[in-house]
Every structure is written in structure tokens, then in C-alpha cells.
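In this chain, numbering begins with 1 at the start of the sequence shown.
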Amino acid sequence: NARRAEMSGYCQCGCGNKSNKSDNKYYKFSICHILPKSRFKSVSTHPLNWIELAFWGGCHSNMDFRSSDRWQEMARFEQMRSLIQPNELKYIPKILQNE
């Protein structure tokens, strides 16, 4: 619910599509975790570990399945990097490990 209050109502990937912010049943579908909850338990509920993406248009799925080519532009990751536990570092995409 805290993330819903921060949502703008539009996809943040730049496509301009509406998100599900105003849909009481499906608003959570537009809250896309930057670092997957299953692998990054240390930041799974961190207030910066999300981005608002349109679900029905496929933007959320694109982030889930091809995120590493988009992560370079995500300053939120850099703000969370120091909070990631050592045993989770192996899951950081190679494109970000060298930075």
C-alpha cells in the first residue's frame, strides 16, 4: 500500500502506458521489483526496490525476463548495493558486477 501511494499511474519505462494504480484488485501487478525478491531477501521490501511498470502491456514481464540490459539506467540499484548481503552478491547481473 505504501508503494501504491507513490505510484504515478503511468509506466516508468517510457512507453507512456497507464499502470494499474487505480485498480484495487490489480494495482500490485504494476509494482515490479528491480532486484527479485526470491534472490535478494535483504532488500526484498526496501522502499527503493521497485519500479512502476504497466502489467497488461508487457513492460513488467520485459523487466522480469530481460532486466539486465535495463539496469544500467537504474540509480536505485546503486542506492541499494551496499545493503545486499554477501551471499546474494552472486546474483547481481555481470553487467553490474564490474561497476
Side-chain angles (χ1 to χ4, degrees):
N1 287 330
R3 302 298 73 83
R4 186 179 190 184
E6 297 172 14
M7 294 171 78
S8 69
Y10 291 92
C11 186
Q12 301 300 302
C13 83
C15 71
N17 290 332
K18 287 187 175 185
S19 72
N20 295 29
K21 177 184 179 173
S22 60
D23 189 315
N24 289 332
K25 185 175 181 180
Y26 296 111
Y27 75 92
K28 292 180 183 179
F29 287 22
S30 288
I31 298 171
C32 182
H33 289 85
I34 296 169
L35 297 169
K37 295 183 299 184
S38 61
R39 291 189 170 178
F40 296 92
K41 304 255 186 235
S42 59
V43 294
S44 64
T45 59
H46 192 280
L48 294 176
N49 188 28
W50 74 287
I51 186 169
E52 182 177 359
L53 297 175
F55 180 78
W56 303 117
C59 298
H60 188 142
S61 297
N62 284 342
M63 174 70 176
D64 288 344
F65 297 120
R66 299 180 326 163
S67 61
S68 61
D69 64 345
R70 297 174 183 216
W71 285 24
Q72 288 179 312
E73 302 171 6
M74 298 200 179
R76 290 181 181 203
F77 169 77
E78 290 302 325
Q79 293 175 310
M80 291 185 294
R81 183 190 290 269
S82 65
L83 303 174
I84 298 171
Q85 294 298 308
N87 64 320
E88 299 168 342
L89 294 173
K90 63 186 173 193
Y91 299 118
I92 295 175
K94 288 183 182 181
I95 196 168
L96 295 175
Q97 289 178 2
N98 296 330
E99 295 187 19

So how far is it from [X] [atom1] to [Y] [atom2], rounded to the nearest 0.5 Å?
X: F77; Y: L48; atom1: CZ; atom2: CG; answer: 12.5 Å
X: R81; Y: L89; atom1: CZ; atom2: CG; answer: 8.5 Å
X: H60; Y: I51; atom1: NE2; atom2: CD1; answer: 10.5 Å
X: R76; Y: H46; atom1: CZ; atom2: NE2; answer: 10.5 Å
X: I84; Y: I92; atom1: CD1; atom2: CD1; answer: 4.0 Å
X: C11; Y: N17; atom1: SG; atom2: CG; answer: 6.5 Å

What's the shortest heavy-atom distance between [X] and [Y], and which atoms?
X: Y27; Y: M7; value: O-CE, 4.0 Å
X: W50; Y: I34; value: O-CD1, 3.6 Å
X: C13; Y: C59; value: SG-SG, 3.7 Å

### Query
For K21, does the NZ atom have more than 12 heavy-atom neighbours from other residues, nucleotides or ligands under 6.0 Å away?
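Above 12, so yes.
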### Query
Any side-chain heavy atom of M80 sitting closer than 4.5 Å to one from L35?
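A side-chain contact exists here, since the closest heavy-atom pair is under 4.5 Å.
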Anything under 3.5 Å between a donor and an acceptor, one on a side chain of residues 37-44, the other on a protein residue two or more places apart or in another chain? List them.
| from | atom 1 | to | atom 2 | distance (Å) |
| --- | --- | --- | --- | --- |
| S42 | OG | Q85 | N | 3.3 |
| S42 | OG | E88 | OE1 | 2.3 |
| S44 | OG | K41 | O | 3.3 |

#### Entry: Pair N20-R4, side-chain donor/acceptor within less than 3.5 Å
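Per modelled atom types, N20 and R4 side chains form no pair under 3.5 Å.
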### Task
Examine the side chains of E52 and S19 and answer whether a donor and an acceptor come within less than 3.5 Å of each other.
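Present: a donor and an acceptor within the cut-off.
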### Message
With a 4.5 Å cut-off on side-chain heavy-atom distances among I, L, V, M, F, W and Y, is there a chain of contacts connecting Y10 to W56?
### Response
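Not linked; separate clusters.
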